[in-house]
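Below you'll find the structure, written out as structure tokens, and then a few comments.
All values below come from the heavy atoms of this structure, side chains included, with hydrogens, waters and symmetry mates left out. Numbers restart at 1 for each chain; the letters A, B, ... are given by sequence-line order, proteins then strands.
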Amino acid sequence: MSIISVKDVSFSYNEKKLGLKNVNIEIKKGEWIAILGHNGSGKSTLAKTLVGLLEPQSGEILIDQVLLNDESAYELRKKIGIVFQNPDNQFVGVTVRDDIAFGMENLCIPREEMLEKIDFYAQKVGMKEYLDKQPSNLSGGQKQRVAIAGILAMHSDILIFDEATSMLDPYTRSDLIEYIKTLNKEGLTIIMITHDVNEALLADRMLILNQGEVYAFEATNDLLKKPEVFRECHLELPVALEVASKVESQKIKEKLWEYVLTK
Amino acid sequence: MGIRFNEVTHEYASYSKITYKAIQNISLNISEHEEFIALVGHTGSGKSTLAKHMNALIFPTSGTVEIFGNIITKKRNKKIKYNSIRKNVGLVFQFPEYQLFEDTVEKDVMFGPMNFKVPKEKAKELALDSLKLVGLDETYLNRNPFNLSGGEKKRVSIAGILALDPEILVLDEPTSGLDPEGKTTLMKLFTDIHKKTNKTIIIITHDMDLVYQYFNRVIVLKDGELSFEGTPEKLFKSNILKNNHLDLPNTVKTLKHIKETLNLDVDIYQKTAEDVINELNRVTKNE
């Protein structure tokens, strides 16, 4: 059963700027999907249509079997949360506590229940000691964690990361990735928009967008065996695979493949 | 000449009256020519604050910054022409959308030169030249900067600084959010400018692959303090990476894995995929 169905969705910003063209995708509950594509390929447009921030001109989107439209958008937004590239753009609260509360306040959750949930989810993302701190004094990775706590508190089952790691230092980044792995193991559906192919390797399937269209949507390990797809869409391959394609020793070739596929 | 930091500390006051030292006691020399510097460090380590001192956008809380002979201290000095400092050192911010404000791309890029009394026609020429340098053609001239994609905005903001032809260029994460091709194009552009004009370029980045491939000097900040200074080679061979929230470049990581699993006598410090291939072929040639 698909948790997300995108059926023949098209969206254009204006006559000149195409966003998405006849996009069809099915995503199963608990899957980890990486969305790759060059700048302007439609990645963020797709993410915005999935959360109802943009309304497609044609086609339909079903979240957990429910058609996404004006009436259902409010309810469905609980199920699907998005973390953006710049953590500073998503803070509304004066303290970390207020910020985690914001989404729940909109859902009119009773105060007692809300306080409990704030504690629970702050603990879960490892930010409980920071509840009374100002978000502006947190590091980038900590801010992203607070954003995730706010989404989890609404009991979302789908998390979209729109280049959410691109502004983080290498360590904070791998720390966040490890945390996303845990969430995925717990059953959350993860959709990760990224320019970093090494990050995309972690996904079950890769969706490659090119000029607003789905160019490929396949199991990560299968797609990696088609380097031409990456080249055609102006994407990079992991260093190990680029080396594997040209190195002479068969033994090294095999090791390099193993290194990439076991990530 | 160039930029000289002398025991510079910068404190930000927050409304809870607790001050927060963004950078602490930094002493550093940056030459006017020939340097291609990567400024790295964990999120919140003070990189952007350090960069803002380089063209006197902010003043030190203590210590001095000497920029092309002008000594910047805590107090504003009427004898210093701060405007001319900004022509000597061009700073491109992390978020280009904060920097763009005109209604066409052309006007936006012309703004800097016009501000420095360059005649309008000449400014127009400079704008087009700079836009072409960053890979945007004349069709962009009359477009509204706010309708551009993130990557395009970034390029327009860089063109705006290039049009001023500063002696030193400082760029805060110019490649973040760009696709691999856009990233390579920009890095090649900076390398090109650096090689042709000998200008010093300082770039803030989290990308270790870029640090190793392009730069000849790395400055690492940690909790506002200078934690390392030297060549990328020296940084990646050191044992301070983890402690500074850094990592090895992908080429080195991959080779390290091969070296360990196949027990090969290979030099893991290679900058590009091409170098990795050559090194591996060299080692296995006699097998």
Side-chain angles (χ1 to χ4, degrees), chain A residues 13-14 16-17 36-41 43-44 85-89 133-134 136-143 163 165-175 195-198 230 233-253 255-256 258-260, chain B residues 12 14-16 18 20 40-45 94-95 147 149-152 154 173 175-184 206-209 241-255 257-258 261-262 264 266 270 272-274 276-281 283-285 287:
Chain A
Y13 289 90
N14 51 47
K16 279 186 199 156
K17 198 176 168 199
L36 292 157
H38 58 81
N39 284 123
S41 60
K43 302 185 299 294
S44 293
Q85 179 183 21
N86 183 355
D88 291 329
N89 288 350
K133 295 253 167 30
Q134 297 168 38
S136 58
N137 289 346
L138 303 179
S139 77
Q142 290 172 327
K143 285 175 184 168
E163 289 183 49
T165 62
S166 68
M167 290 180 47
L168 305 179
D169 62 60
Y171 175 87
T172 312
R173 183 179 194 149
S174 54
D175 200 40
H195 282 307
D196 182 345
V197 70
N198 294 298
F230 289 81
C233 295
H234 306 275
L235 298 170
E236 65 181 349
L237 278 169
V239 172
L241 291 191
E242 223 174 282
V243 174
S245 70
K246 288 184 194 148
V247 80
E248 282 155 20
S249 153
Q250 195 58 36
K251 200 170 61 186
I252 293 178
K253 249 187 231 279
K255 267 286 167 233
L256 287 166
E258 195 186 290
Y259 176 60
V260 171
Chain B
Y12 288 113
S14 74
Y15 70 86
S16 55
I18 303 161
Y20 159 72
V40 305
H42 62 87
T43 28
S45 61
Q94 190 171 8
F95 301 107
N147 293 338
S149 76
E152 288 167 334
K154 214 155 226 179
E173 292 202 46
T175 61
S176 83
L178 294 185
D179 60 35
E181 221 173 58
K183 206 190 260 184
T184 312
H206 283 306
D207 191 325
M208 298 299 120
D209 293 354
L241 291 176
K242 198 168 172 214
N243 213 345
N244 281 278
H245 280 198
L246 303 175
D247 200 357
L248 287 171
N250 278 303
T251 48
V252 180
K253 262 197 236 172
T254 306
L255 270 175
H257 176 81
I258 293 297
T261 52
L262 290 177
L264 282 179
V266 29
Q270 305 296 334
T272 64
E274 209 60 39
V276 174
I277 296 165
N278 291 337
E279 173 66 7
L280 286 171
N281 286 344
V283 172
T284 53
K285 199 170 57 193
E287 276 188 10

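For the residue pair B:Ala273 and A:Val243, the shortest heavy atom distance occurs at O-CG2, 4.0 Å. Between B:His206 and A:Pro170, the closest heavy-atom pair is O-CG, 3.7 Å. When every heavy atom of B:Ser176 is checked against every heavy atom of A:Ser166, the shortest pair comes out as CB-O, 4.0 Å. Scanning all heavy atoms of the two residues, the minimum distance from A:Ile252 to B:Leu262 falls at CG1-CD1, 3.8 Å.
Atom-to-atom distance recorded for B:Ile277:CD1 and A:Glu242:CD is 7.0 Å, nearest 0.5 angstrom. A distance of 11.5 Å separates CG in B:Leu280 from NZ in A:Lys251, rounded to the nearest 0.5 Å. From A:Ser249, atom OG reaches atom NZ of B:Lys285 across 14.0 Å, with rounding to the nearest 0.5 Å. For the atom pair NZ of A:Lys143 and OG1 of B:Thr43, the computed distance is 8.5 Å after rounding to the nearest 0.5 Å. Note: B:Glu181 CD to A:His195 NE2 = 11.5 Å, rounded to the nearest 0.5 Å. For the atom pair CG of B:Asn147 and CG of A:Asn14, the computed distance is 7.5 Å after rounding to the nearest 0.5 Å.
Heavy atoms of A:Asn198 lying under 4.5 Å from chain B belong exclusively to its side chain. In this structure, the portions of B:Leu178 lying under 4.5 Å from any heavy atom of chain A include both its backbone and its side chain. Heavy-atom distances place no part of A:Leu36 under 4.5 Å from chain B, backbone and side chain included. Both the backbone and the side chain of B:Lys253 come within contact range of chain A, with heavy atoms under 4.5 Å apart. For chain A, the nearby part of B:His257 is the side chain; its heavy atoms alone come within less than 4.5 Å.
Looking at heavy atoms from C-beta onward, A:Val247 lies in side-chain contact with B:Asn281 at the 4.5 angstrom threshold. The shortest side-chain heavy-atom distance between B:Pro180 and A:His234 does not fall under the 4.5 Å cut-off. Counting only heavy atoms from C-beta outward, the side chains of B:Asp247 and A:Tyr171 never approach each other to under 4.5 Å.
When B:Ile258, B:Asp209, B:Leu241, B:Asn278 are compared by the number of non-hydrogen pairs under 4.5 Å with chain A, B:Ile258 comes out ahead.
Residues passing the side-chain contact (heavy atoms from CB on, under 4.5 Å) test with A:Glu258, sequence neighbours excluded: A:Lys255. Considering only residues two or more places apart in sequence or on other chains, B:Glu274 meets the side chain to side chain donor-acceptor pair (under 3.5 Å) condition with none of them.
In this structure, A:Asp169 contributes its side chain and B:Gly41 its backbone to no donor-acceptor pair below 3.5 Å.
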